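All chains are named by letter (A, B, ...) in the order of the sequence lines, taking the proteins before the strands, and each is independently numbered beginning at 1. Nothing here was measured: the structure is a model prediction, and the numbers come from that model.
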Amino acid sequence: MNLFYFDELSLLITGLVVFIALNVGRFSLIYMQGERNYVSFLIRLFLVSFSIVLMISSNHILLFFISWMSANFFMVKLIVHKKEWVEARNSGKISNLSLWSSMVLMGLALILFYLESHSFYIQNIIQMDSLSTYSLIGLGLLSISALVQSANWPFHKWLLSSLNAPTPVSALMHAGLINGGALIITRFSPLFVQGKSSLAVIFIFGTITAILGSFWKLIQTDVKKTLACSTMAQMGFMLMQCGLGLFPAAITHIIWHGLFKAYLFLASGNAAKEKKSFRPQSFTVSALLMGIVFSAAGVVSFSLTSKSPFLPMDTSLFITALVFITGIQSVLALLENRKTIGSILAAGIMPSLIGFLYGYNMYFVEQFLSTFNIAAAQDLELFHVIALGLFLLLWVTSFILFRETSIIRRSKFFKKLYVKSLNSSQSHASTITAHHNNYHF
Amino acid sequence: MTRLKKDIRSTKTTPRKRFLNLQEACDSSWSKIPTVWPLENIIAANPLQGFEHLPFEEGMKEASKLFQRDSLPERMIHINRETIKWVQVLSDKKHARIHPFSKTDNAYEQWLSFIQEDPNLHSNDSHKKQWMESIPLNPSEALEYCLSYLNIPSAKVELFLTLMLTTLPGWSGHIKHQDEREKNTPASLNKDAYLTIRLIIVSLLWPDAANLFDWYEEDADHEKSELMLSSIKEAEKRHHQTLWEKFSLKQTKVPLSEAQLVFCIDVRSEGLRRAIEASGPYETFGFAGFFAMPIAIDNHLTEKHYNSCPVLFDPVHHVTIDKDPNHSCTSVNQKKRWRKRLKRAYATLQYNFATPFVLVETLGIFSGLWMFLKNFFPSFIKGLKNQVTHSMEDLRLEAAIQSIPESDQLDYARGMLSAIGLKNNFAPLVVLCGHGSSNENNAFASALECGACGAHAGNINAMLMAFILNKDSIRKGLEKDGIRIPQKTQFVGGLHDTTTDKITLYANGVSPTRIQTLQRDLDQAQKLSTKTRIKTLAGASKKSSVNHVVQRSMDWSQILPEWGLSRNAAFIIGERSLTQGASLKGRAFLHSYDWKGDDQGSILENIMAGPMVVGQWINNQYLFSTLDNVAFGAGSKITKNITGKFGIMQGNASDLMYGLPLQSLYKDDSSPYHEPVRLVVIIQSPKDRITKILEKADSLKALFTNQWIFLRCIDPEDGKIYTLESNLTWSPH
């Protein structure tokens, strides 16, 4: 057995990390000019990226563990770039507490795996079959470690408190390190497929996180916290995909979400100029009917490009359903203003375009990972269906919720919900610079 | 019904008239708070504007005691966190997808109903909940209610209210701006309601808040203000010595010129004007960049509506800018409409349940590509963007100025020409040049635009004034005042890009041959001027200065596109010959003034009351933002976080930051580029004329007698330089 194991997964993630690092590095070269710690900042940026590449390519659990630790270590150093700023230091402390807990859990899990498989090598460990109780405990610990690393509820606070970091650091973190949870799970996916209860736990926490993050994002009033809550939701979704056994889909998500979020952070200086024109969502019956028809076409286009069935009867149904919802929503949005031939045409094409791109993006990654053989869609369980129902329900509710004059908005329930969400989505108190002069550059 | 009950109870329980002059106390507290302008138009403001009635040193000491405190009681920090949380929500109108408050109902009343559900405030304590319910619905009554609950002695109410504002100065300043400068609805938070909200939170979280007085008194040393003062004095000593070497007090005869160019008084014009004068037979003038047009612009091309005149004026006319619909711009319009539609669809998918997950996986690949292009091929991106931007050619200027009556057009034209003393000797071409700045991904972009145009680019004002001055009817009217514009003279609008020093001329209808030579010389001047300028910019290559500044203007990671008005130090009102040929290093505002044509002094009075005061705001803002970039500046750009599309916080959340960011003033974390000196105003005019003006205007006089800025006079009658003393007498320099 080798210290390193290069497979399609490590190649893909290496490609992503190198691309992100290249972009964030180039950006920082100018953006961070004049900083006291300019050089050490760039070095740390490199070290974080290098550690992630090392981690995903390592086969020896010790190397895996150490490179993981080193990635987290340098990331926290980057978060605390402005050392003299107490609140930034506190952000570091909170991240440290979470990430080191995650490390300890993972360390324990790896020890258990070693004891059970008598091997230091990941490729041997994941070939264990008929998991013992200890292995199952190890799997449980690893799951929690993944939940913490990817800032899933109830371990999300560190992510929402990390925005005292310089902007490029957030870009790197939201595109890189935060995805660690899914990387761990995917690396050990053959074990997870055997320990179904772990997958169920991951799925449930992922669902809660995705729902909370989605709602919190909608009520945020500043650009960076909005992005952080959005990442939280996306991380929840990513772990849901893991929980559904759709590991290639989760990796797909890591890659495309990473690029998406890194770009949004780097471009966040423009946030004040970009006027969002929200309207209370409204639609006519004809628009809805068109939405359903066009979006069905979108699902066909998705199933063609992703080479998946039109109506899958396993956990892949989840993805297909989301494509369907998104298709309808895009049609409603395009037809909201007035229906011209141009806009109907656009609305007709849009769901198919989305389905095509999403399907192709997914197919591309899955093809790449095909020899890796990790695609393991699971049978649909009741709780899967409940979760899907919840998403549908929330999406339908949004049409009422977004309307300022709706009954929900006037209710005591809404006020309670709003204040509760507002309070829960605050950064940790010690990381808010509430005394003006406590800020330090 | 419940509301009615509450009203009755509140009027009974509130000890009315306990606090006499409460309104006065409020007003006085608010007067100490600087106005914090939103990001879309960052107008320069003196952070110590509330202390200008005091002598400079005293004002600094007072302000320091309120704004530069190192620490705050722990309870107060907790209160601030809760205030920030709620004020962020209450102030936001454009960011959050779900804004909890209705746009039609009273903000304060709505807030009261929300905090019933906030355990961070009532700690699930039934007494506190009860107390909450008994808070009067009228903010002023509630204010009294809280003051008596907190046992604030009536003699100390004003101080207490002041402390409530100054312990969270940025957000207070934002509310002040919102209340005083924006159109207000019941749903927007006004000053009274804000102060009341603050006191309610204090009452709930720190019933013993009267202890704040002890904190206020405890460390009364003036270390910080003294330190600031000594660095000011040191810098001023250096500056005042070198300043006078530049002046030539001899009158020179102006040679005939091919073109006359009128620039904004902005310090960034100075270097370019010098370069233009060196590049050919050109004469330059300085005038406030709004070209005397008190207008609000409704720009249909950019879909922006803004006041394009100094904030000292209320706009008199509303001007609509558009293009001829039959022209070639339809394709651009169509592209824009589609872009807008797609953007809205994008926002709907991005801010929703369930759909964002699919969205990111669909768009991820494009985001990655876009990011890559922005990083490595910015000029390609710029080219794409230009395709959906309207060129400024063929605007319907005639239609635009119809909202300005002919007599007003004549007044503005006369006013501008007389002010700069351009009444005869017109060159064949006269360029009116507004300015703007091109940069990317910059939250502070509007701080680099033209202050005289309300922190927007000034090209439209310039084009409108040029159009007016080309009208025969206007020229006829001007002749009655002795301003004779020759038939062949043509006025042309222009835009000076302060990042690249490129001048764009809007010379529609002017023969190309006349423009060509000028454009060539202007390009030459751009080379000259940027060559000097890039020496001060980090990372500049020596090869091509123009290439470098253009790169800078396109780079989305560029944290310092240009230096803005850094190092501003002097304000010169007089003829160009005073400093022609001398390098003022882009440190002086230059306002043209012909003292011979202003016997009454009314032109000078206008210059002093308008542009000069704006110069003082700018100067004092740069001064204090440099001296303490935390208390009076916006801090580093690298950790900024934009809230509600209007303001800057640091990191997770903080008090609103105001003033200029670190990178606009400092070469690196610790070495300032801006020199902290107070503005020296130099006026070429008989000194009695100035004295008369100052005697009439107390607030102007106070700026000098309190030494917020200095005044020198070059008296043409004896050719000597005089300094204004604080007792309003002149002493020879």
Tell me, for [X] versus chain B, whether the close heavy atoms (under 4.5 Å) come from the side chain, the backbone, both or neither.
{"X": "A:M238", "result": "neither"}
{"X": "A:F19", "result": "side chain"}
{"X": "A:L392", "result": "neither"}
{"X": "A:Q220", "result": "backbone"}
{"X": "A:A271", "result": "both"}
{"X": "A:S343", "result": "both"}
{"X": "A:T221", "result": "both"}
{"X": "A:A175", "result": "neither"}
{"X": "A:N361", "result": "side chain"}
{"X": "A:A233", "result": "both"}
{"X": "A:R409", "result": "side chain"}
{"X": "A:K261", "result": "neither"}
{"X": "A:H428", "result": "neither"}
{"X": "A:T326", "result": "both"}

Heavy-atom cut-off 4.5 Å, strictly under: side chain, backbone, both or neither for [X] against chain A?
{"X": "B:M76", "result": "neither"}
{"X": "B:P38", "result": "neither"}
{"X": "B:I84", "result": "side chain"}
{"X": "B:D628", "result": "neither"}
{"X": "B:I648", "result": "neither"}
{"X": "B:Y666", "result": "neither"}
{"X": "B:T83", "result": "neither"}

- request: Taking B:N439 for its side chain and B:P561 for its backbone only, find out whether a donor-acceptor pair lies under 3.5 Å.
  value: no
query: Just by distance, do the side chain of B:S367 and the backbone of A:Y263 share a donor-acceptor pair under 3.5 Å?
result: no
Most contacts with chain A, counted as non-hydrogen pairs under 4.5 angstrom, among [options]:
{"options": "B:L39, B:I365, B:N120, B:N641", "result": "B:N641"}
{"options": "B:G647, B:A345, B:S636, B:A443", "result": "B:S636"}
{"options": "B:R341, B:K85, B:K667", "result": "B:K85"}
{"options": "B:Q558, B:E82, B:Q663, B:H78", "result": "B:Q558"}
{"options": "B:F67, B:W370, B:F646, B:F366", "result": "B:W370"}
{"options": "B:H99, B:K103, B:E40", "result": "B:K103"}

B:L662 vs B:K637 side-chain heavy atoms within contact, under 4.5 Å: no
One thing to verify: whether [Y] and [X] come together as a salt bridge, which I'm taking to mean a side-chain N less than 4.0 angstrom from a carboxylate O.
{"X": "B:K645", "Y": "A:D222", "value": "no"}
{"X": "B:E117", "Y": "A:K415", "value": "no"}
{"X": "B:D655", "Y": "B:R81", "value": "no"}
{"X": "B:E440", "Y": "B:R552", "value": "no"}
{"X": "B:D70", "Y": "B:K224", "value": "yes"}
{"X": "B:D669", "Y": "A:K82", "value": "yes"}
{"X": "A:E404", "Y": "A:R410", "value": "no"}

message: Would you call the rings of A:F391 and A:F318 parallel, tilted or perpendicular, taking 30° and 60° as the class edges?
response: perpendicular
query: Relative to the ring of B:W86, is the ring of A:Y418 parallel (under 30°), tilted (30 to 60°) or perpendicular (over 60°)?
result: tilted
message: Would you say the ring centers of B:Y351 and A:F402 fall short of 6.0 Å from each other?
response: no
Just so I understand: if I count every heavy-atom pair under 4.5 Å between each of [options] and chain B, which residue has the most?
{"options": "A:K420, A:K416, A:E87", "value": "A:K416"}
{"options": "A:F237, A:Y439, A:Y358", "value": "A:Y439"}
{"options": "A:W85, A:Y360, A:F356", "value": "A:W85"}
{"options": "A:M350, A:Q426, A:E35, A:H81", "value": "A:E35"}
{"options": "A:N438, A:I20, A:L422, A:I325", "value": "A:L422"}
{"options": "A:S161, A:A346, A:S268", "value": "A:S161"}

What's the spacing between [X] [atom1] and [Y] [atom2] if we round to 0.5 Å?
{"X": "A:S91", "Y": "A:L160", "atom1": "OG", "atom2": "CG", "result": "11.0 Å"}
{"X": "A:I30", "Y": "B:L560", "atom1": "CD1", "atom2": "CG", "result": "10.5 Å"}
{"X": "A:T167", "Y": "A:L163", "atom1": "OG1", "atom2": "CG", "result": "9.5 Å"}

- prompt: Under 3.5 Å, is there a donor-acceptor pair linking the side chains of A:H253 and A:Q234?
  reply: yes
query: Are B:W556 and B:N375 close enough that a side-chain donor and a side-chain acceptor fall under 3.5 Å?
result: yes
query: Would A:F399 and A:F283 count as a ring-ring contact (aromatic ring centres under 6.0 Å, His included) if you check the C-alpha gap in whole Å, the side-chain angles of each, and the deciding distance to 0.1 Å?
result: CA-CA 9 Å; A:F399 286 90; A:F283 59 88; 5.1 Å; yes
